[in-house]
Number of protein chains: 2
Amino acid sequence: METTWAQHLREAGLRVTRPRLSVLDVLADHPHADVDTIVTGAREQHPSLSPQAVYGVLTAFVAAGIARRIEPAGAPALFELRVGDNHHHLVCRSCGAVADVDCAVGAAPCLSPSDTAGFVVDEAEVVFWGLCSTCLSRKHEEEHPA
Amino acid sequence: METTWAQHLREAGLRVTRPRLSVLDVLADHPHADVDTIVTGAREQHPSLSPQAVYGVLTAFVAAGIARRIEPAGAPALFELRVGDNHHHLVCRSCGAVADVDCAVGAAPCLSPSDTAGFVVDEAEVVFWGLCSTCLSRKHEEEHPA
DNA sequence: CCCTTTTCTTGACTGAGTCAAAAGAAGGAG
DNA sequence: CTCCTTCTTTTGACTCAGTCAAGAAAAGGG
């Protein structure tokens, strides 16, 4: 797998380093990981890895277009490797879990607000807020104990 | 105007206090204000007002449903009085300006993702990213000086 | 193998927001 | 009108995510 990652990095114009490979591995395992998760995970392969290095790696990934940063309100930023397909996210209000959703109403429907107030729009970001199935059943049990 | 605000607060089940009236005034003038703007503005009427009080006031407003908190990625939270009509926002990548947009494709179209992955969705939040007209013309001038 | 450039490490720092205790107002009861 | 209870505001310490900068280390072309 690492060979592929190295290639992936080179194609994006980035040098191949151990911190970067470790971060890619963690992101492959955790499709919506926050910095803390990435640091912890990447340290299994590279124990001396510093949080700042992870910030640097992620900034480079986002700049090179091989990762995307998402920032749900009220939570630390998350990073994902799925880029370039304009998908959106479901976020659980209770536990913060994130799931991907393909664009809701066709190709890129939300990219056309009715009145753009003079703005030139280049991206529409959609976040669906709700409860994930786990939190739903937990909540249901609490309210109606068996 | 303040009489109306007082009534508005009471109807929402909140006590009428000077900090709250001042914050309402600022929000009426600045429909998408951050905490700093609100503190500065409200101090014209109430010089001793502390930032923490403003946080408290805004938390109470949001809990009572008379204000809404929006958190564009990479910027401090903004507050608006326009609530309950499911509108969305245009955000300028360059200056952070925010404008309202009515829901893009009808009533609440985005509330129907194709596959909810077991989530029960209660809100769809849409952010349109782009450049506002001011930043556009400024950028144009910089690239093609007269 | 060396040299230049990029990346990582270390550590200090900022800014938004939270928490908690005590002082101070709001508004209902008498 | 005054008192009393409850809710707000003040003050000040604190947390957490993220940034900045300088020197050490590694990547990879010559």
Side-chain angles (χ1 to χ4, degrees), chain A residues 2-3 5-26 32-43 45-64 66-79 96, chain B residues 2-3 5-24 26 32-40 42-43 45-64 66-79 96:
Chain A
E2 296 225 346
T3 308
W5 284 146
Q7 212 175 326
H8 194 57
L9 287 170
R10 268 189 269 267
E11 280 166 11
L14 296 172
R15 286 191 181 174
V16 178
T17 69
R18 193 135 64 89
R20 290 180 176 172
L21 294 172
S22 315
V23 169
L24 284 173
D25 269 345
V26 178
H32 304 101
D34 60 21
V35 171
D36 205 61
T37 303
I38 297 170
V39 171
T40 307
R43 276 184 175 157
Q45 291 180 45
H46 187 156
S48 73
L49 187 65
S50 67
Q52 286 72 359
V54 171
Y55 279 108
V57 167
L58 292 169
T59 302
F61 283 5
V62 172
I66 63 171
R68 183 174 159 201
R69 176 187 195 128
I70 59 181
E71 298 184 39
L78 304 176
F79 294 84
Chain B
E2 296 224 348
T3 307
W5 284 146
Q7 212 174 325
H8 194 56
L9 287 170
R10 268 189 269 267
E11 280 165 11
L14 296 173
R15 286 191 183 174
V16 178
T17 68
R18 193 135 63 88
R20 290 178 176 174
L21 295 171
S22 316
V23 169
L24 284 173
V26 177
H32 305 99
D34 59 22
V35 171
D36 204 61
T37 302
I38 297 170
V39 170
T40 307
R43 277 184 175 157
Q45 292 178 45
H46 187 154
S48 72
L49 187 64
S50 67
Q52 286 73 359
V54 171
Y55 279 107
V57 167
L58 291 169
T59 303
F61 284 4
V62 172
I66 63 172
R68 183 175 159 200
R69 177 187 194 129
I70 59 180
E71 298 183 39
L78 304 175
F79 294 84

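Letters go in sequence order (proteins before strands), and every chain restarts at 1. Fair warning: this is a prediction, and the values are worked out from it, not measured in the lab.
Scored by the ring pair (Phe, Tyr, Trp, His ring centres under 6.0 Å) test, A/H32 finds A/H89 as partners (sequence neighbours excluded). Annotation: side chain to side chain donor-acceptor pair (under 3.5 Å) contacts of B/D36 (sequence neighbours excluded): none. Partners of B/A64 by side-chain contact (heavy atoms from CB on, under 4.5 Å), not counting sequence neighbours, listed by chain and number: B/A12, B/L14. Legend: residues meeting side chain to side chain donor-acceptor pair (under 3.5 Å) with B/T17, ordered by chain and number and at least two apart, are absent. Qualifying salt bridge (Lys or Arg N to Asp or Glu O under 4.0 Å) partners for A/R69, counting only residues two or more places apart in sequence or in other chains: A/E71. Residues that satisfy the side chain to side chain donor-acceptor pair (under 3.5 Å) test with A/R68, not counting sequence neighbours, are A/E80.
Comparing atom distances between the B/V57 side chain and each of C/dT9, D/dT10, D/dT9 picks out D/dT9 as nearest.
Comparing the axis of the opening five pairs of the helix from C/dC1-D/dG30 to C/dG30-D/dC1 with that of the closing five pairs yields an angle of 30°, rounded to 10°.
Evaluation of the side chain to side chain donor-acceptor pair (under 3.5 Å) test over residues 51-64 of chain B, restricted to residues two or more places apart or in two chains, returns none. Sequence neighbours left out, not one pair with a member in residues 8-20 of chain A passes salt bridge (Lys or Arg N to Asp or Glu O under 4.0 Å).
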Strictly under 3.5 Å: I want the nitrogen or oxygen pairs between protein and nucleotides 17-20 of chain D, one per line.
unit_1	atom_1	unit_2	atom_2	d
D/dG18	OP1	A/A77	N	3.1
D/dG18	OP2	A/Y55	OH	3.3
D/dT19	O4	A/Q52	NE2	3.3

Just the table, please: protein N/O against nucleotides 27-29 of chain C N/O, every pair under 3.5 Å.
unit_1	atom_1	unit_2	atom_2	d
C/dG27	OP1	B/V16	N	3.1

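Looking at heavy-atom distances under 4.0 Å, A/R20 makes contact with sugar-phosphate atoms alone, never a base.
An OP1 or OP2 oxygen of D/dA26 is reached within less than 4.0 angstrom by no side-chain nitrogen or oxygen of A/H46.
Side chains of A/S22 and A/D25: a donor-acceptor N/O pair is absent below 3.5 angstrom, by distance only.
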